[in-house]
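Every chain is numbered from 1, with letters handed out A, B, ... down the list of sequences. Every value quoted in this text rests on a predicted model; they were computed, and no experiment measured them.
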There are 2 protein chains.
Amino acid sequence: MNADTGVRPCSIARSMEVLGQRWSLLVLRELLFENHRFDAIVKATGAPRDILATRLRTLEANGLVERRRYQDRPPRFAYHLTARGWDTAEVLLSLMAFGDRHLSDERPVTWQHGQPDHPHPLDPVLTCRTCGEPATEGLHEPTGPGAPR
Amino acid sequence: MNADTGVRPCSIARSMEVLGQRWSLLVLRELLFENHRFDAIVKATGAPRDILATRLRTLEANGLVERRRYQDRPPRFAYHLTARGWDTAEVLLSLMAFGDRHLSDERPVTWQHGQPDHPHPLDPVLTCRTCGEPATEGLHEPTGPGAPR
DNA sequence: TCCCATGAGTTGGAGTTTCCAACTCGAACG
DNA sequence: CGTTCGAGTTGGAAACTCCAACTCATGGGA
């Protein structure tokens with residue numbers, strides 16, 4: 001706990017400060033889909049143009065997104081994921097898997113996975129790198145400064 | 001794409017409607033930490049009491065959370081995760097892993113994983129259930145109604 | 001008996017964000 | 001000359017969030 005406020009110090013809360021504003025994760029989804037242009041992102045997400053502009057600035061300031069000039073006159077820009085931005089893919093795929101399991105009858109998007117010549121549909125599960133078992137099975141009370149009690 | 005609006009039909013977007021409001025994921029984190037009481041959740045998250053009340057109603061309406069009367073006079077209630085609510089653990093752990101990797105020097109919470117008598121620290125990675133490889137390596141253009149282009 | 005504490009909220013009003021439609025700016029196209 | 005493209009800005013209204021204070025029922029202590 002945070003000594004004076006009682007608020008738990010937490011990586012989830014820190015992530016949410018960057019990713020938790022409205023439209024941020026859908027913007028990252030579009031960039032993952034190789035949709036790099038402002039207008040295309042507006043169309044595919046439905047985000048208001050002004051909000052999208054400020055979200056892209058925030059994502060850039062946090063090093064998740066890079067703004068690249070792809071043409072000089074008139075100046076035109078496109079947005080690309082940085083390595084850190086790519087690293088949000090796990091979060092996005094987990095959200096997708098949750099939505100697929102509980103919020104949708106059909107599966108609107110199926111990612112392909114594996115060698116380019118032998119792809120199969122991606123079926124994402126969070127596992128433990130140490131033992132290889134699913135993370136949510138055999139999960140116990142955490143320890144550390146942000147832990148309960 | 002959604003025929004008339006151009007907005008992509010998407011499980012990520014659907015998940016965000018339920019999980020994406022401010023404080024929702026931190027509330028689920030507390031319930032995962034076995035923090036079931038209203039006042040305790042207020043303290044640990046820092047959420048305003050009125051917002052917490054409406055978030056709990058929304059989570060309950062979406063079947064992620066169950067409101068249980070644990071005392072009759074005066075009536076007192078506690079909140080518990082449903083099976084569907086537990087299923088957000090992958091999203092929370094992915095967010096935690098992202099925050100640990102990029103937003104924090106130390107690791108404020110370490111979950112324990114495995115058999116209760118032989119636990120080890122959980123190190124979460126999203127993998128493909130089909131081939132066992134990390135989901136973000138060898139990820140290709142998706143297919144389906146919500147896919148790009 | 002009176003006063004305070006506990007726990008799960010609700011209320012009113014101020015402050016902050018988000019939304020929306022319309023506008024800009026420079027260059028190319030017809 | 002008028003239109004289109006693409007990446008934004010702008011102003012004002014609507015919605016959401018925050019905060020402090022209040023409620024309501026009961027139990028405990030002086």
* To do: Specify the separation, in whole Å, of atom CD1 of A:Ile41 and atom P of D:dC5.
  => 18 Å
* Separation of B:Leu52 atom CG from D:dT17 atom P, in whole Å? -> 13 Å
* Spacing between B:Arg76 atom CZ and C:dA5 atom P, to the nearest angstrom -> 15 Å
* **Pairs where residues 90-116 of chain B contributes a residue and the test ring-ring contact (aromatic ring centres under 6.0 Å, His included) is met, not counting sequence neighbours** => B:Phe33-B:Trp111, B:Phe98-B:His102, B:His113-B:His120
* Among all residues two or more places apart in sequence or in another chain, which pass the salt bridge (Lys or Arg N to Asp or Glu O under 4.0 Å) test with B:Arg76? -> none
* **Axis deviation across the helix from C:dT1-D:dA30 to C:dG30-D:dC1, five-pair ends, to the nearest 10°** => 10°
* **Residues forming a side chain to side chain donor-acceptor pair (under 3.5 Å) with B:Asp72, sequence neighbours excluded** => B:Arg69
* Using a 4.0 Å heavy-atom cut-off, write out nucleotides 16-23 of chain C from 5' to 3' as B (base contacted by protein), S (sugar-phosphate only) or - (no contact). => --SBB-B-
* To do: Classify the nucleic acid contact of A:Phe38 as base, sugar-phosphate or nothing, counting any heavy atom under 4.0 Å across all strands shown.
  => base
* Tell me, with the steps shown, if A:Thr127 and B:Thr127 meet side chain to side chain donor-acceptor pair (under 3.5 Å). => CA-CA 7 Å; A:Thr127 56; B:Thr127 57; 3.3 Å; yes
Would you list the atom pairs, donor with acceptor, under 3.5 Å between side chains in residues 18-29 of chain A and any protein atom, with sequence neighbours excluded?
residue	atom	partner	partner atom	Å
A:Ser24	OG	A:Gln21	O	3.4
A:Arg29	NH2	A:Ala44	O	3.4

* Asked: Atom CD of B:Glu17 to atom P of D:dC16: distance rounded to whole Å?
  -> 13 Å
* Polar side chain donor-acceptor pair, A:Thr130 to B:Asp123, under 3.5 angstrom -> no
* Asked: Among all residues two or more places apart in sequence or in another chain, which pass the side chain to side chain contact (heavy atoms under 4.5 Å, CB included) test with A:His140?
  -> B:Gln112, B:Pro116, B:Pro119
* Asked: For B:Glu106, what residues pass the side chain to side chain contact (heavy atoms under 4.5 Å, CB included) criterion, not counting sequence neighbours?
  -> B:Ser104
* Taking only side-chain nitrogens and oxygens of B:Tyr79, does any of them come within less than 4.0 Å of OP1 or OP2 of C:dG9? -> yes
* Go through the structure and list residues passing salt bridge (Lys or Arg N to Asp or Glu O under 4.0 Å) with B:Arg57, not counting sequence neighbours. => none
* Selection: residues 59-74 of chain A, any non-hydrogen atom under 4.0 Å of DNA chain D -> A:Arg67, A:Tyr70
* Asked: Can you list every side-chain hydrogen bond (donor to acceptor under 3.5 Å, both in side chains) pair that touches residues 44-56 of chain B, not counting sequence neighbours?
  -> B:Asp39-B:Arg49
* To do: May I have all residue pairs that pass ring-ring contact (aromatic ring centres under 6.0 Å, His included) and include part of residues 37-80 of chain B, sequence neighbours excluded?
  => B:His36-B:His80
* To do: Let me know the distance between NE2 of B:His36 and P of C:dG7, rounded to the nearest Å.
  => 15 Å
* Can you tell me the distance, in whole Å, between the CG atom of A:Leu56 and the P atom of D:dT9? => 11 Å
